[in-house]
Engineer: 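This is the structure I have questions about; it appears just below.
Quick note: numbers below take in every heavy atom, side chains included, and nothing from hydrogens, waters or symmetry partners.
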Amino acid sequence: MKFIIFSDVHSNLEALQSFCRATESVLHDKKVCLGDIVGYNADPNPVVEWIREETDFALAGNHDYCVLNQTDANYLNPAAYQACAWTRRNLTQSNKNFLDTLPIEKAEDGIYWVHSSPFEPKKWHYVSTITSAEKNFDYFEQAICFIGHSHLPCLLYTSPEPTRPLYISYAVFCL
């Protein structure tokens, strides 16, 4: 199965349009969004509507939860907090309802999908170091886990041999 996987669009319509142009000829079985559909940028409604129509499934992220008042937004940095307040006022009720249906984690196709940490998904921990990855490997049964949230493309993997170390590889994945 071939997936197009993306995350953290943050209401950025121009970036989403560029992403669409870059992936339009990529053959795939499913298109998956790992959350943070809204936040920071000025086009939450068209971005949410595109996600609703074009993805096979999407997850909610911390910014989505903050907009819905399902997570306290006070921990956000000042720019993110202002964007959250603005998005709450400007997001249509239909798009709020859609965001409210999204899970923050899902197991499907032998893969575990989550916006943040498999360890405590609603605590919004980042998984971007060997130490943070080690804590999370025991919290999903599938052989593969895709995580959004960090804004850093990286591959964290371990060997089935218990004496082998955990590896981290930062890379930009291009089509």
Engineer: Distance from Ile4 atom CD1 to Thr55 atom OG1, nearest 0.5 Å?
Structural biologist: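 Between Ile4 CD1 and Thr55 OG1, I get 11.5 Å after rounding to 0.5 Å.
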Engineer: Could you report the tightest heavy-atom contact between Val114 and Pro121, atom names first, then the distance?
Structural biologist: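 So the minimum-distance heavy-atom pair works out to CG2-CB, 4.1 Å.
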Engineer: Is there a donor-acceptor pair closer than 3.5 Å between any side-chain N or O of Trp50 and the backbone N or O of Val48?
Structural biologist: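 Checking the backbone N and O of Val48 against the side chain of Trp50, no donor-acceptor pair under 3.5 Å is found.
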Engineer: Got a sec, which pairs hit salt bridge (Lys or Arg N to Asp or Glu O under 4.0 Å) with one end in residues 25-34, sequence neighbours left out?
Structural biologist: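 Residue pairs passing salt bridge (Lys or Arg N to Asp or Glu O under 4.0 Å), neighbours aside: Lys30-Glu108, Lys30-Asp109.
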Engineer: What are the two closest heavy atoms between Ala60 and Ile104, and how far apart are they?
Structural biologist: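 That would be O-CG2, 3.5 Å.
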Engineer: Connecting only ILVMFWY residues whose side-chain heavy atoms lie within less than 4.5 Å of each other, what is the rest of Phe3's hydrophobic cluster?
Structural biologist: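 Met1, Ile5, Val32, Leu34, Phe57, Leu59, Ile111, Trp113, Ile144, Phe146, which link up through side-chain heavy atoms under 4.5 Å apart, make up the rest of the cluster.
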Engineer: What distance separates Asn95 CG from Asn45 CG, expressed to the nearest 0.5 Å?
Structural biologist: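 Rounded to the nearest 0.5 Å, the CG-CG separation comes to 5.0 Å.
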Engineer: Could you list the cluster mates of Tyr139? Members are the ILVMFWY residues connected by side-chain heavy atoms closer than 4.5 Å, either directly or through other members.
Structural biologist: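 Under the 4.5 Å side-chain rule, Tyr139 groups with Phe119.
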Engineer: Do the side chains of Asn41 and Val47 get nearer than 4.5 Å, heavy atoms only?
Structural biologist: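 In short, these two side chains do not touch, never coming nearer than 4.5 Å.
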Engineer: With side chains defined as the heavy atoms from C-beta onward, is the minimum distance between Lys122 and Thr71 less than 4.5 Å?
Structural biologist: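 No, side chains not in contact.
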Engineer: If a pair satisfies salt bridge (Lys or Arg N to Asp or Glu O under 4.0 Å) and one of its residues is in residues 45-63, list it, with sequence neighbours excluded.
Structural biologist: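 Sorted result for residues 45-63: empty, none.
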Engineer: If only atom types and distance count, is the side chain of Asp64 paired as donor or acceptor with the main-chain N or O of Gly61 below 3.5 Å?
Structural biologist: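 Side chain of Asp64 to backbone of Gly61: a pair is present.
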Engineer: Taking only residues two or more places apart in sequence or in another chain, which ones pass ring-ring contact (aromatic ring centres under 6.0 Å, His included) with Tyr75?
Structural biologist: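 ring-ring contact (aromatic ring centres under 6.0 Å, His included) list for Tyr75, sorted by chain: empty.
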Engineer: Identify, with sequence neighbours excluded, every residue that meets side chain to side chain contact (heavy atoms under 4.5 Å, CB included) alongside Glu141.
Structural biologist: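 Testing Glu141 for side chain to side chain contact (heavy atoms under 4.5 Å, CB included), a comparison that skips the adjacent residues, returns none.
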Engineer: At their closest point, which heavy atom of Asn62 faces which heavy atom of His115, and how far apart are they?
Structural biologist: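 Looking at all heavy atoms of both residues, the shortest contact is OD1-NE2, 3.1 Å.
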Engineer: Show the nearest heavy-atom pair for residues Gly35 and Ser7, with the distance to one decimal.
Structural biologist: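 Of all heavy-atom pairs spanning Gly35 and Ser7, the closest is O-OG, 3.6 Å.
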Engineer: Taking only distance into account, with no hydrogens and no angle test, what donor-acceptor pairs under 3.5 Å do side-chain atoms of residues 8-15 form with protein atoms, sequence neighbours excluded?
Structural biologist:
{"residue": "Asp8", "atom": "OD1", "partner": "His149", "partner atom": "N", "Å": "2.9"}
{"residue": "Asp8", "atom": "OD2", "partner": "His10", "partner atom": "NE2", "Å": "3.4"}
{"residue": "Asp8", "atom": "OD2", "partner": "His151", "partner atom": "NE2", "Å": "3.0"}
{"residue": "His10", "atom": "ND1", "partner": "Val38", "partner atom": "O", "Å": "3.2"}
{"residue": "His10", "atom": "NE2", "partner": "His151", "partner atom": "NE2", "Å": "3.3"}
{"residue": "Ser11", "atom": "OG", "partner": "Gly39", "partner atom": "N", "Å": "3.2"}
{"residue": "Asn12", "atom": "OD1", "partner": "Glu14", "partner atom": "N", "Å": "3.4"}
{"residue": "Asn12", "atom": "OD1", "partner": "Ala15", "partner atom": "N", "Å": "2.9"}

Engineer: Please identify each residue that fulfils side chain to side chain contact (heavy atoms under 4.5 Å, CB included) with Ser18, with sequence neighbours left out.
Structural biologist: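 Residues passing side chain to side chain contact (heavy atoms under 4.5 Å, CB included) with Ser18: Arg21.
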Engineer: Do Cys84 and Leu76 come within less than 4.5 Å of each other through their side chains, counting heavy atoms only?
Structural biologist: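 A side-chain contact exists here, since the closest heavy-atom pair is under 4.5 Å.
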Engineer: Quick check for you: to the nearest 0.5 Å, what is the distance between Thr23 atom OG1 and Phe6 atom CZ?
Structural biologist: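 One finds 8.0 Å between OG1 of Thr23 and CZ of Phe6.
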Engineer: Taking all non-hydrogen atoms of both residues into account, name the closest pair between Ile37 and Cys33 and its distance.
Structural biologist: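 Distance-wise, the nearest heavy atoms are CG1-SG, 3.9 Å.
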Engineer: Going from OG on Ser150 to NE2 on His125, what distance comes out if it is rounded to the nearest 0.5 angstrom?
Structural biologist: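 These two atoms lie 14.5 Å from each other.
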Engineer: Grouping I, L, V, M, F, W and Y whenever their side-chain heavy atoms are under 4.5 Å apart, do Val67 and Leu102 come out in a common cluster?
Structural biologist: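 Val67 clusters together with Leu102.
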Engineer: With sequence neighbours excluded, what pairs up with Phe98 under the ring-ring contact (aromatic ring centres under 6.0 Å, His included) test?
Structural biologist: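 Not a single residue meets the ring-ring contact (aromatic ring centres under 6.0 Å, His included) criterion with Phe98.
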Engineer: Could you grab the distance from atom CZ of Phe140 to atom CD1 of Ile147, nearest 0.5 Å is fine?
Structural biologist: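 The CZ atom of Phe140 sits 6.5 Å away from the CD1 atom of Ile147.
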Engineer: Checking Ala83 now: which residues fulfil side chain to side chain contact (heavy atoms under 4.5 Å, CB included) with it, not counting sequence neighbours?
Structural biologist: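 Ala83: no side chain to side chain contact (heavy atoms under 4.5 Å, CB included) contacts found.
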Engineer: Does any N or O in the side chain of Asp72 come within less than 3.5 Å of the main-chain N or O of Asn74, such that one atom is a donor and the other an acceptor?
Structural biologist: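 At least one qualifying donor-acceptor pair exists.
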Engineer: Which heavy atom in His63 sits nearest to a heavy atom in Ala80, and how many Å separate them?
Structural biologist: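 Looking at all heavy atoms of both residues, the shortest contact is CE1-CB, 3.7 Å.
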Engineer: How does the hydrophobic cluster around Tyr126 look, that is, which other residues are in it when side-chain heavy atoms under 4.5 Å mark a link?
Structural biologist: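 Under the 4.5 Å side-chain rule, Tyr126 groups with nothing.
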Engineer: Applying side-chain hydrogen bond (donor to acceptor under 3.5 Å, both in side chains) as the test, list every pair that has at least one member in residues 81-90; sequence neighbours left out.
Structural biologist: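 Only Asn69-Arg88 qualify under side-chain hydrogen bond (donor to acceptor under 3.5 Å, both in side chains).
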